[in-house]
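Hydrogens, waters and symmetry mates play no part in the numbers below; they use all other heavy atoms, side chains included. Per chain, numbering begins at 1; letters A, B, ... match sequence-line order.
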Amino acid sequence: MPELPEVETVAADLRPHLVRRVIERCEVRHPAVVRHPEPVLFVNGVTGRRIERLTRRGKYILCHLDTAELLVVHLGMTGQLRYVQPDAPLLTHTHAIFSLDNGAELRYRDIRRFGRLLFGTEADLVAARKLPRLGPEPIDPEFKARDLQDRLRGRRAPVKALLLDQSIVAGVGNIYADESLFRARVRPDRAAGELSRPAVIRLHDALRESLLTGIRNRGSSVDDYVDAWGEKGRQQEELLVYGRAGEPCVNCGRPLSLVRIGGRSTVFCRRCQR
DNA sequence: TTAAATTCCTGTAAGC
DNA sequence: TGCTTACAGGAATTTA
């Protein structure tokens with residue numbers, strides 16, 4: 001599923017093709033994917049606008065329009081944003097099509113429809129509670145172990161649950177949470193506020209390493225994830241624990257355990273992670 | 001404020 | 001083969 005590395009890959013792929021393009025037409029085929037404002041206003045809002053910049057924040061893709069408004073895309077679980085020529089076959093579950101002034105199309109496809117499309121100024125979207133307050137970007141060089149420690153201090157929830165909380169750190173989902181905890185040798189069910197200083201430092205470093213490796217490998221295609229060209233990433237072949245319950249730990253050989261934490265399946269090694 | 005549970009949604013796989 | 005059921009999970013929402 002799309003987490004920070006996957007969203008970063010899509011955003012980086014799209015950026016050179018979308019910046020300075022004008023959205024000449026927008027067709028919403030499944031109105032439910034437009035979460036703000038009403039679909040008619042959404043279409044009117046984006047039509048005729050020029051995309052000036054394209055950025056990523058957490059798992060959100062932000063198209064900065066010439067009106068100072070944003071076209072926001074969140075891919076949810078199975079969302080795909082593809083840059084195609086208009087004669088490309090229309091895939092099932094294609095919910096929105098943006099026609100560009102160079103003849104190409106940006107198509108939004110989402111099987112489970114957990115994703116969303118938004119339009120408005122950042123202030124609008126925050127006020128309407130459509131854009132949540134996000135924690136720092138974990139791959140930002142300014143994000144230090146100390147910042148992570150400050151955010152975990154006093155918290156009794158399992159550290160895994162807090163890694164998934166987008167207001168603690170932005171962009172981490174189930175795959176990279178498990179991978180980071182394994183690399184850091186931290187048990188996912190440990191109370192976050194009780195981690196030792198060295199453990200928090202290891203977790204900080206492991207988070208960055210896991211996410212940056214994921215970006216280098218163009219994301220994990222464990223489910224439906226593909227990049228802007230419809231191609232799978234390679235990171236799923238490098239995963240150390242995610243999706244490997246019962247298989248031997250790459251470090252000690254003991255079978256990996258599967259538990260539920262924060263309502264999410266969690267894979268870890270009982271021997272290596274303490 | 002925090003933490004846990006519930007809800008949305010469809011494809012896939014397991015079980016009978 | 002065909003049916004039912006469980007499961008996957010990001011994040012908004014609800015409940016405690």
Side-chain angles (χ1 to χ4, degrees), chain A residues 1-8 10-11 29-37 56-62 72-81 91-96 108-118 120 124-135 137-138 150-181 188-195 211 214 219-226 232 235-236 239 241-246 256 258-268:
Chain A
M1 63 290 321
E3 302 181 23
L4 188 153
E6 291 74 29
V7 178
E8 175 65 26
V10 172
R29 308 176 79 240
H30 195 121
V33 301
V34 175
R35 303 295 183 90
H36 187 87
R56 178 194 59 76
R57 178 80 174 97
K59 299 174 193 171
Y60 291 83
I61 293 171
L62 309 174
V72 181
V73 181
H74 192 297
L75 300 174
M77 283 285 297
T78 54
Q80 303 174 354
L81 261 189
L91 299 178
T92 56
H93 307 291
T94 298
H95 304 314
Y108 175 71
R109 175 171 191 250
D110 189 354
I111 295 164
R112 272 174 252 184
R113 304 207 306 272
F114 277 17
R116 59 205 63 216
L117 302 178
L118 310 169
D124 276 350
L125 293 171
V126 170
R129 295 170 165 274
K130 302 296 176 185
L131 264 189
R133 293 181 303 280
L134 297 172
E137 291 288 328
D150 289 346
R151 288 170 177 273
L152 301 183
R153 182 171 297 125
R155 300 292 297 259
R156 288 195 292 269
V159 59
K160 158 86 182 264
L162 291 195
L163 289 181
L164 296 176
D165 183 336
Q166 302 300 297
S167 68
I168 301 288
V169 175
V172 179
N174 211 28
I175 296 174
Y176 295 94
D178 278 7
E179 294 295 302
S180 301
L181 289 162
D189 57 356
R190 285 280 304 279
E194 289 168 11
L195 293 183
L211 294 166
S220 303
S221 293
V222 293
D223 211 344
D224 300 88
Y225 169 73
V226 291
K232 295 186 174 208
Q235 181 62 20
Q236 67 280 4
L239 297 177
V241 289
Y242 181 87
R244 297 192 60 240
L256 294 170
L258 175 63
V259 296
R260 281 194 91 74
I261 297 175
R264 300 282 173 262
S265 59
T266 301
V267 183
F268 73 105

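Taking only side-chain nitrogens and oxygens, R113(A) comes nearer than 4.0 Å to OP1 or OP2 of dT10(B). Put simply, R264(A) has no side-chain N or O that comes within less than 4.0 Å of OP1 or OP2 on dA8(C). OP1 and OP2 of dG11(B) both lie 4.0 Å or more from every side-chain N or O belonging to T78(A). OP1 or OP2 of dG9(C) has at least one side-chain nitrogen or oxygen of Y242(A) nearer than 4.0 Å. For dG10(C), the OP1/OP2 oxygens have no side-chain nitrogen or oxygen of K59(A) closer than 4.0 Å.
Tested against Y176(A) for a side chain to side chain donor-acceptor pair (under 3.5 Å), the candidates E3(A), Q235(A), E6(A) yield a single pass: E6(A).
Nearest nucleotide to the side chain of R155(A), out of dT2(B), dG11(B), dG9(C): dT2(B). Considering only side-chain atoms of A157(A), the nucleotide from dA3(B), dG11(B), dA11(C) that sits closest is dA3(B). Which of dA8(C), dA12(C), dG11(B) sits closest to the side chain of S265(A) comes down to dA8(C). For H74(A), the side-chain atoms get nearest to dG10(C) when compared with the rest of dT10(B), dG10(C), dA8(C). Nearest to the side chain of I111(A), among dA12(C), dG11(B), dT2(B), sits dG11(B).
Looking at which nucleotide of DNA chain C each of R35(A) and R260(A) is closest to, the 5′-most match is held by R260(A). A residue-by-residue look at P158(A) and D224(A) shows that P158(A) has its nearest nucleotide of DNA chain B further toward the 5' end.
The existence of a salt bridge linking D178(A) and K160(A) is confirmed by a sub-4.0 Å separation between a basic side-chain nitrogen and an acidic carboxylate oxygen.
Remark: side-chain polar atoms of R57(A) are paired, donor with acceptor, to backbone N or O of L134(A) under 3.5 angstrom.
The ring of F114(A) lies on top of the base of dG9(C), close enough and flat enough: under 5.5 Å between centres, under 30° between planes.
The closest side-chain donor-acceptor pair between H30(A) and R113(A) falls under 3.5 angstrom.
At whole-Å resolution of the value, NE2 in H93(A) and P in dC9(B) are 14 Å apart.
Between H74(A) and Y60(A), the ring-plane angle classifies as perpendicular under the 30° and 60° cut-offs.
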